[in-house]
Amino acid sequence: QVQLVESGGGSVQAGGSLRVSCAASGRTFSGYAMGWFRQATGKEREFVAAISRTGGSTTSYADSVKGRFTISRDNAKNTVYLQMNSLKSEDTAVYYCAARWSPTLFSISTTARDYAYWGQGTQVTVSS
């Protein structure tokens, strides 16, 4: 089992940057594929980015954030990051990190129901 705590959210002007982090408890973080999702007010939760157990180039992004957001992980620090650049007002949402136990090194998922563990979320507000 793993517990997730997000941090780093806040308010920023359009065009700015922000990095959110997700710290995981436990000693088996490297066994989990990780994902970031977001939910804007009045909208359904949507996929943002995902990264495999090993990280590196095994990542996936929603079309709406591709080229602007970067997901990464540091297994030594039990932490996954989401670097967000060129932020837009439509990026305003609560951002959640999620973890899924992954038996294979390079598998990732863009589907929320595949993730068993979730953080409490961190608010990101982008003003235009």
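The two residues Leu4 and Ala24 come nearest to each other via the heavy atoms CD2-CB, 3.7 Å. Shortest non-hydrogen contact noted between Tyr61 and Ile71 is OH-N, 2.9 Å. In this structure, Trp101 and Thr28 approach most closely via the heavy-atom pair CZ3-O, 4.0 Å. For Val126 against Thr92, the heavy-atom pair with the smallest separation is N-OG1, 2.9 Å. In terms of heavy-atom proximity, Asn75 sits nearest to Ser30 at ND2-CB, 3.7 Å. Listed here is the closest heavy atom pair of Tyr81 and Trp36: O-NE1, 3.5 Å.
Geometrically, Arg53 does not engage Phe106 in a cation-pi contact, judged by NZ or CZ lying under 6.0 Å from the ring centre and within 45° of the ring axis. Judged by a 6.0 Å distance limit and a 45° cone about the ring axis, Arg73 is positioned over the six-membered ring of Phe29.
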For this session: Would you please test Tyr95 and Leu18 for side chain to side chain contact (heavy atoms under 4.5 Å, CB included) and show each step?
Result: CA-CA 12 Å; Tyr95 283 72; Leu18 207 59; over 6 Å; no

Problem set entry | Chi angles and distances behind the side chain to side chain contact (heavy atoms under 4.5 Å, CB included) call for Glu46, Arg38 | CA-CA 5 Å; Glu46 65 175 1; Arg38 67 186 181 187; 2.6 Å; yes

For this session: Let me see the working for Val94 and Thr122 under side chain to side chain contact (heavy atoms under 4.5 Å, CB included), right down to the final yes or no.
Result: CA-CA 5 Å; Val94 177; Thr122 186; 6.0 Å; no

For this session: Please step through side chain to side chain contact (heavy atoms under 4.5 Å, CB included) for the pair Thr125 and Val12, ending with a clear verdict.
Result: CA-CA 6 Å; Thr125 302; Val12 64; over 6 Å; no

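Put simply, the side chain of Thr58 reaches to within 4.5 Å of the side chain of Ile108, judged on heavy atoms.
Ring centroids of Phe37 and Tyr96 are separated by 6.0 Å or more, keeping the two rings apart.
Sorted by first and then second residue, the pairs that involve residues 15-26 and meet side-chain hydrogen bond (donor to acceptor under 3.5 Å, both in side chains), not counting sequence neighbours, are Ser17-Asn85.
Here the CG-OG distance, from Asp91 to Ser64, works out to 7.0 Å after rounding to the nearest 0.5 Å. Taking CD1 of Ile51 as the reference point, atom SG of Cys97 lies at 12.5 Å (rounded to 0.5 Å). Rounding to the nearest 0.5 Å gives a distance of 12.0 Å between CD of Glu6 and OG1 of Thr79. Within the model, atoms CD of Gln83 and CZ of Arg68 stand 12.0 Å from one another, a figure rounded to the nearest 0.5 Å.
Between Lys66 and Asp63 there is a salt bridge, since at least one side-chain N of the basic residue sits less than 4.0 Å from a carboxylate O of the acidic one.
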Residues 111-119, side-chain donor-acceptor partners within the protein, below 3.5 Å, at least two apart:
from   : atom 1 : to     : atom 2 : distance (Å)
Asp114 : OD2    : Ser109 : OG     : 2.6
Tyr115 : OH     : Ser109 : O      : 2.6
Trp118 : NE1    : Tyr115 : O      : 3.1

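Between the side chains of Ser102 and Ser107, at least one donor N or O sits under 3.5 Å from an acceptor N or O.
For Gln3, the CD atom is loosely surrounded, since the number of other residues' heavy atoms within 6.0 Å does not exceed 12.
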